[in-house]
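Heads up, the thing below is written out as structure tokens.
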Amino acid sequence: MRILILTCRPPWRARRGDQARALGLAKCWAGRHRVHVVSQAWPGFETGGDEGELDALTGESVSIGRSALVRALSRGAVATTRRAAPPLQVALHDQPRFRAAVRRAVERFQPEVALVVLSRLGGVLDLLEGIPTVVDLVDSLALNMQRRAAFDPVRAPLWRWEARRLAAWDVRVASAAAAVTVVAERDRRALLSAAAAPRVLAPSVHVMPFGLDLSADRTGSGPLDAEVPRPEQMALTGNLGYFPTVDGALWLAREVWPRLKRLRPELRWVLAGARPARALRRLAAGDPRIDLIADPPSLEAVLARTDVALAPLRAGSGTPIKILEAMAARRPVVATAAAADGLDGLPDGALALGGDSATFADQCAALLSDRVRADRQAAAAAGWLRSRHALETVAADFEQLLEDTVRSR
């Protein structure tokens, strides 16, 4: 097949879930199909790929300057006075240069099927008329905004307002596309709950889990070596500029960390990931037992020195990739119920749940104290991860959906 993939961020040098999602699928498909990627490149995003990433792909990154972003926001703000206007997230990505690039790709590449990553790009569906198109929402941004409002009271009215508009927009996109995909069942439920006729829409909405490359060399993966002397360490990894991660880290610092410091006097807490927010920089600067590692060259190396991985998320949607990465490194994970809600089919014993701050701290302390329990939990999680989130399996299932979509048209 000739597969056209449209993304609102270059997938190369992935730092966010949607980038990693698009890149993983494209690389798996490129060996069997012709794949062409057209992306928006915002200010500050790298557009070059790592060596070998682009060998089997063709693509174009359309540079979006700051002035173009300002114009798009202005148009979006004015358009909100119209009842049928798209959400601000969509208006921001409605870029004339990108639309022109999509037209060129359709004309020159002549795709047999298109994959649009994130509903923010749903405005280009009119350019794909006649081409079977799948829209990968990844997660429900409307659900994300709704949950964010509960923990950001200052901007809560804005988040709720945008959430309502996004929910309606996603239903509109799902109705126009041949099929829609999300990574978790909770996102499918959120999308269908906003539809006027959910039973009509349901057959075209598919759960395609987030795929993780489990063939990669994960430095230090496996049970921790009890013979190696070092301080105990717990880690929160991922996009440290993402609201649910920042909010979760600050909650943990306020409600959980003081108790853990009393229970485990030698314990250190590591924050490792891209784009650390100022609040997290201040947090690490004010506590000598908290280490901040911005843009670590190897997240696997950080996890290799970690005794317990953390997912203290209270908001968010989709599947927390930080949990999948920790499980791939065979590290036990302690998570909140909000984080665990994105892990479909997880067996008992594969995750430690911290329902409140005291329980969260006690679960961390128990795993630190009982290496056998920690290794058993990590092994159970690794088995589930292989069965549900292996990239090759997910890419093959997604490929089958694309083929079915082409045949049905």
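- Here His33 contributes atom NE2 and Met1 contributes atom CE; the two are 4.0 Å apart, rounded to the nearest 0.5 Å.
- The main-chain N or O of Val62 is never found under 3.5 Å from a side-chain atom of Gln40 such that the two would form a donor-acceptor pair.
- Here CE of Met208 is found 9.5 Å from CG of Leu25. Values are rounded to the nearest 0.5 Å.
- Considering only heavy atoms from C-beta on, Phe243 stays 4.5 Å or farther from Met145 through its side chain.
- Atoms CZ and CG, on Arg330 and Asp375 in that order, are 8.0 Å from each other to the nearest 0.5 Å.
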Can you give me every donor-acceptor pair (side chain of residues 280-287, partner residue at least two apart or in another chain, under 3.5 Å) with its distance?
{"unit_1": "Asp287", "atom_1": "OD1", "unit_2": "Arg289", "atom_2": "N", "d": "2.9"}
{"unit_1": "Asp287", "atom_1": "OD2", "unit_2": "Trp257", "atom_2": "NE1", "d": "2.9"}
{"unit_1": "Asp287", "atom_1": "OD2", "unit_2": "Lys261", "atom_2": "NZ", "d": "3.1"}

Under 3.5 Å, which donor-acceptor pairs do the side chains of residues 102-114 form with other protein atoms, sequence neighbours left out?
{"unit_1": "Arg104", "atom_1": "NH2", "unit_2": "Glu60", "atom_2": "OE2", "d": "2.9"}
{"unit_1": "Glu112", "atom_1": "OE2", "unit_2": "Arg2", "atom_2": "N", "d": "3.0"}

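- Remark: Leu271 CG to Ile290 CD1 distance equals 6.5 Å, nearest 0.5 Å.
- The two residues Cys364 and Leu260 make their nearest non-hydrogen contact at CB-CD2, 3.8 Å.
- For residues 347-399, the set of pairs meeting the ring pair (Phe, Tyr, Trp, His ring centres under 6.0 Å) definition, not counting sequence neighbours, comprises Trp29-Phe398, Trp251-Phe360, Trp384-His389.
- For the pair Leu391 and Leu212, the minimum side-chain heavy-atom distance is 4.5 Å or more.
- Looking at Arg268, its side chain does come within 3.5 Å of a backbone N or O of Pro288 through a donor-acceptor pair.
- With hydrogens and angles ignored, the 3.5 Å screen pairs a side-chain donor or acceptor of Arg331 with a backbone N or O of Ala329.
- In this structure, Asp370 does not pair ionically with Arg376, as no charged nitrogen and carboxylate oxygen lie closer than 4.0 Å.
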* Does the side-chain contact (heavy atoms from CB on, under 4.5 Å) test come out yes or no for Leu292 and Leu240, once each step is laid out? -> CA-CA 10 Å; Leu292 175 66; Leu240 300 183; 3.8 Å; yes
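- Pairs passing the salt bridge (Lys or Arg N to Asp or Glu O under 4.0 Å) check and including a residue from residues 132-143, sequence neighbours excluded, read Arg21-Asp136.
- Side chain of Ser39 to main chain of Ala41: no donor-acceptor pair is present (N/O by atom type, distance under 3.5 Å, no hydrogens or angles).
- Every residue two or more places apart in sequence or in another chain was checked for a side chain to side chain donor-acceptor pair (under 3.5 Å) with Glu162, and none qualifies.
- Not a single donor-acceptor pair under 3.5 Å links the side chain of Asp307 to the backbone N or O of Met234.
- Not a single ring-ring contact (aromatic ring centres under 6.0 Å, His included) links Trp159 to another residue, sequence neighbours left out.
- Summarising the geometry, atom CG belonging to Leu303 is positioned 9.0 Å from atom CD belonging to Gln233; distances are rounded to the nearest 0.5 Å.
- Of all the heavy atoms in Gly316 and Tyr242, the pair that sits closest is CA-OH, 4.3 Å.
- Under the side chain to side chain donor-acceptor pair (under 3.5 Å) criterion, Ser369 pairs with Arg264, not counting sequence neighbours.
- Interatomic distance, Leu201 CG to Leu191 CG, rounded to the nearest 0.5 Å: 5.5 Å.
- Side-chain contact between Leu143 and Gln146 is present, with heavy atoms from C-beta onward closer than 4.5 Å.
- Closest approach of Pro258 and Leu252 over heavy atoms only: CD-O, 4.4 Å.
- Closest non-hydrogen pair, Ala20 versus Phe210, comes out as CB-CZ, 3.9 Å.
- Side-chain contact between Leu313 and Pro320 is present, with heavy atoms from C-beta onward closer than 4.5 Å.
- In this model, a donor atom of one side chain and an acceptor atom of the other lie less than 3.5 Å apart for Ser119 and Asp170.
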* Thr7 and Leu118: CA distance, side-chain angles, deciding distance, side-chain contact (heavy atoms from CB on, under 4.5 Å) verdict -> CA-CA 7 Å; Thr7 70; Leu118 299 183; over 6 Å; no
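- Listed by chain and residue number, Asp362 satisfy the side chain to side chain donor-acceptor pair (under 3.5 Å) test with Arg259 (two or more places apart in sequence, or in another chain).
- Heavy atoms only, all atoms of each residue included: Thr405 and Pro132 are closest at CG2-CB, 3.6 Å.
- You'll find the side chain of Val270 stays beyond 4.5 Å of the side chain of Arg305, heavy atoms only.
- A donor-acceptor pair under 3.5 Å is absent between the side-chain atoms of Thr306 and the main chain of Ala309, judged by distance alone.
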Under 3.5 Å, sequence neighbours excluded: what are the donor-acceptor pairs made by side chains of residues 337-356?
{"unit_1": "Asp344", "atom_1": "OD2", "unit_2": "Glu185", "atom_2": "N", "d": "2.8"}
{"unit_1": "Asp356", "atom_1": "OD1", "unit_2": "Ala358", "atom_2": "N", "d": "3.3"}
{"unit_1": "Asp356", "atom_1": "OD1", "unit_2": "Thr359", "atom_2": "N", "d": "2.7"}
{"unit_1": "Asp356", "atom_1": "OD1", "unit_2": "Thr359", "atom_2": "OG1", "d": "2.7"}

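- Looking only at side-chain heavy atoms (C-beta outward), Arg9 and Val117 stay at 4.5 Å or farther from each other.
- Applying the ring pair (Phe, Tyr, Trp, His ring centres under 6.0 Å) test to pairs two or more places apart or on separate chains, none has a residue in residues 280-307.
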* To do: Could you walk me through whether Lys322 and Thr245 pass side-chain contact (heavy atoms from CB on, under 4.5 Å), step by step?
  => CA-CA 10 Å; Lys322 56 175 58 61; Thr245 302; 3.1 Å; yes
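- In terms of the side chain to side chain donor-acceptor pair (under 3.5 Å) criterion, residue partners of Gln400 (sequence neighbours excluded) are, by chain and number, Asp404.
- Considering only heavy atoms from C-beta on, Val38 comes within 4.5 Å of Phe98 through its side chain.
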* Can you check side-chain contact (heavy atoms from CB on, under 4.5 Å) on Val173 and Val116, steps first, answer last? -> CA-CA 11 Å; Val173 167; Val116 178; over 6 Å; no
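- Side-chain atoms of Asp187 come within 3.5 Å of backbone atoms of Gly318 as a donor-acceptor pair (strictly under, hydrogens ignored).
- A side-chain donor-acceptor contact under 3.5 Å links Gln377 to the backbone of Val333.
- Side-chain atoms of Arg120 and Leu141, non-hydrogen and from C-beta on, do get closer than 4.5 Å to each other.
- A search for salt bridge (Lys or Arg N to Asp or Glu O under 4.0 Å) contacts involving Arg155 returns Asp152, not counting sequence neighbours.
- The main-chain N or O of Ser317 is never found under 3.5 Å from a side-chain atom of Arg147 such that the two would form a donor-acceptor pair.
- Considering all non-hydrogen atoms of both residues, Ala294 and Pro276 come closest at CB-CG, 3.7 Å.
- The backbone N or O of Ser63 sits less than 3.5 Å from a side-chain atom of Arg97, completing a donor-acceptor pair.
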